[in-house]
Amino acid sequence: MSRPTLLVTGASAGIGAAVARMAAARGYDLGLGYRSNREGAEAVQAACEAAGACAVLLAGDLARAEAVDAVFAAFDSAFPQLDAFVNNAGIVTPKARVEEMDAARIEALFATNVTGAFLAARNAVRRMSPRYGGSGGSIVNISSAAARLASPNQYVDYAASKAAIDILTQGLAAEVAGDAIRVNGIRPGLIETDIHAKGGDPDRLARLAPTVPMARAGTADEVAEAVLWLCSDGARYVTGATLDVTGGRWGRGACGRR
């Protein structure tokens, strides 16, 4: 029997890399999307191949519409169909208050995190839907607990972009449920990846982990477990849902504390 296929964007590090490695071990062949970290993507590719998967690299900056289309076209050249798509690529910018943000910062972040994610989801639907010759599939959008926490004094723009992903999940799920496509989301909380350093706050995990009800940060593998469950037949009656993977960290307390 042929192996199912999965395309994951932002697969060169962090959550995307963990999803790819775990999916390979569970029988998927992979398309590994990445923007510029080829060395990281190649390391993930090698790990997937060592687990018995066919894994192809798909380079492209998802802030550009033509690059989104090119990534999916390259996937088509390697595989006969798309069974699952993990819409993971995203960026974060250094922490700042809203009054300090300029248009260039906001436009660049939304180009990848919102427009790129929408266009990637569109491309996935066009490969999965019977309207286009597909046979259904599963889409998992990676959001963030920031969509609920709002991240004041840090990353309100990032939080807003992830809130848009939550709505994409709900709306798209309703649109394509009749096409045998399930669309769900994941909201990771404080997770051990390099996104905190990229956002200019490398000590963030150590500072905030004690505020989590489970008293620790999560791992990328723990997020990947949830992603792959949503991709699996075990979640065959789940669509339009967004699962918090946060160790119990949800939102503001009665006095506004986080």
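Residue indices begin at 1 and follow the sequence shown.
- Summarising the geometry of Leu32 relative to Ala55, their closest heavy-atom pair is CD1-CB, 4.0 Å, with the distance given to 0.1 Å.
- Although no hydrogens or angles enter the test, the distance criterion places no donor-acceptor pair under 3.5 Å between the side chain of Arg126 and the main chain of Asn123.
- No close placement of the Phe75 and Phe85 rings is indicated, their centers lying 6.0 Å or farther apart.
- Asn184 places a side-chain N or O within donor-acceptor distance of the main-chain N or O of Val238, the cut-off being under 3.5 Å.
- In this structure the side chain of Pro213 reaches within 4.5 angstrom of the side chain of Arg249, judged on heavy atoms.
- When the side chains of ILVMFWY residues are joined at heavy-atom separations under 4.5 Å, either directly or via intervening members, Tyr155 and Val98 end up in a single hydrophobic cluster.
- In this structure, the separation between OG on Ser135 and CE on Met128 is 9.5 Å, given to the nearest 0.5 Å.
- Contact check for Arg148 versus Asp244: side-chain heavy atoms found under the 4.5 Å cut-off.
- Ala89 and Leu62 get closest at one heavy-atom pair: CB-CD1, 3.8 Å.
- Around atom CD of Glu39, no more than 12 heavy atoms belonging to other residues, nucleotides or ligands sit under 6.0 Å away.
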Quiz prompt | Check against salt bridge (charged side-chain N to carboxylate O under 4.0 Å, His left out), Arg26 and Glu225 | solution = CA-CA 11 Å; Arg26 296 186 182 183; Glu225 291 274 7; 2.6 Å; yes
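- Contact annotation: the side chain of Ser151 never approaches that of Tyr158 to less than 4.5 Å [non-hydrogen atoms, C-beta and beyond].
- The two residues Pro4 and Asp83 come nearest to each other via the heavy atoms CA-OD2, 3.3 Å.
- When atom types are taken as modelled, the side chain of Ser138 and the backbone of Leu230 share a donor-acceptor pair closer than 3.5 angstrom.
- Judged by distance alone, with hydrogens and angles left aside, the side-chain atoms of Asp102 form a donor-acceptor pair with the main-chain N or O of Arg105 at under 3.5 Å.
- The side-chain hydrogen bond (donor to acceptor under 3.5 Å, both in side chains) pairs that include a residue from residues 107-120 are Asn113-Ser161, where partners are two or more places apart or lie in different chains.
- Shown here for Ala74 and Leu58, the closest heavy-atom pair between the two residues is CB-CD2, 3.6 Å.
- Contact check for Thr93 versus Met101: no side-chain heavy atoms found under the 4.5 Å cut-off.
- When hydrophobic clusters are built by joining Ile, Leu, Val, Met, Phe, Trp and Tyr residues whose side-chain heavy atoms come closer than 4.5 Å, directly or via intermediates, Ile167 is not grouped with Leu172.
- Atom-to-atom distance recorded for Ile186:CD1 and Ile15:CD1 is 9.0 Å, nearest 0.5 angstrom.
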Quiz prompt | Stepwise side-chain contact (heavy atoms from CB on, under 4.5 Å) test for Thr9 and Val68 | solution = CA-CA 10 Å; Thr9 59; Val68 179; over 6 Å; no
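- In this structure, the separation between CZ on Arg64 and CG on Leu119 is 12.5 Å, given to the nearest 0.5 Å.
- A distance of 11.5 Å separates SG of Cys48 from CE of Met22, quoted to the nearest 0.5 Å.
- Here the CD-CG distance, from Glu49 to Asp29, works out to 10.0 Å after rounding to the nearest 0.5 Å.
- Side chain of Lys162 to main chain of Ala150: no donor-acceptor pair is present (N/O by atom type, distance under 3.5 Å, no hydrogens or angles).
- In this structure, Asn153 and Lys95 have side chains that are not in contact, with every pair of non-hydrogen atoms separated by 4.5 Å or more.
- Between Asp69 and Arg122, at least one side-chain nitrogen of the basic residue sits less than 4.0 Å from a carboxylate oxygen of the acidic one, meeting the salt-bridge criterion.
- The nearest pair of heavy atoms linking Tyr28 to Leu6 is CD2-CB, 3.8 Å.
- By the 6.0 Å contact criterion, CZ on Arg35 is open, its count of non-hydrogen atoms from other residues, nucleotides or ligands being 12 or less.
- With hydrogens and angles disregarded, a donor-acceptor distance shorter than 3.5 Å links the side chain of Thr5 to the backbone of Gln81.
- In this structure, Val183 and Glu175 have side chains that are not in contact, with every pair of non-hydrogen atoms separated by 4.5 Å or more.
- Among the candidates Thr169, Asp166, Asn141, the single residue satisfying the side-chain hydrogen bond (donor to acceptor under 3.5 Å, both in side chains) test with Arg187 is Asp166.
- Between Ile191 and Ala220 the shortest heavy-atom distance is CG2-N, 3.6 Å.
- Glu222 pairs by the salt bridge (charged side-chain N to carboxylate O under 4.0 Å, His left out) definition with Arg216, not counting sequence neighbours.
- Looking at Asn88, its side chain does come within 3.5 Å of a backbone N or O of Gly10 through a donor-acceptor pair.
- Listed by chain and residue number, Val125, Arg131, Tyr132, Asp179, Ile181 satisfy the side-chain contact (heavy atoms from CB on, under 4.5 Å) test with Ser129 (two or more places apart in sequence, or in another chain).
- Once rounded to the nearest 0.5 Å, the distance linking CG of Asp61 with OH of Tyr34 reads 12.0 Å.
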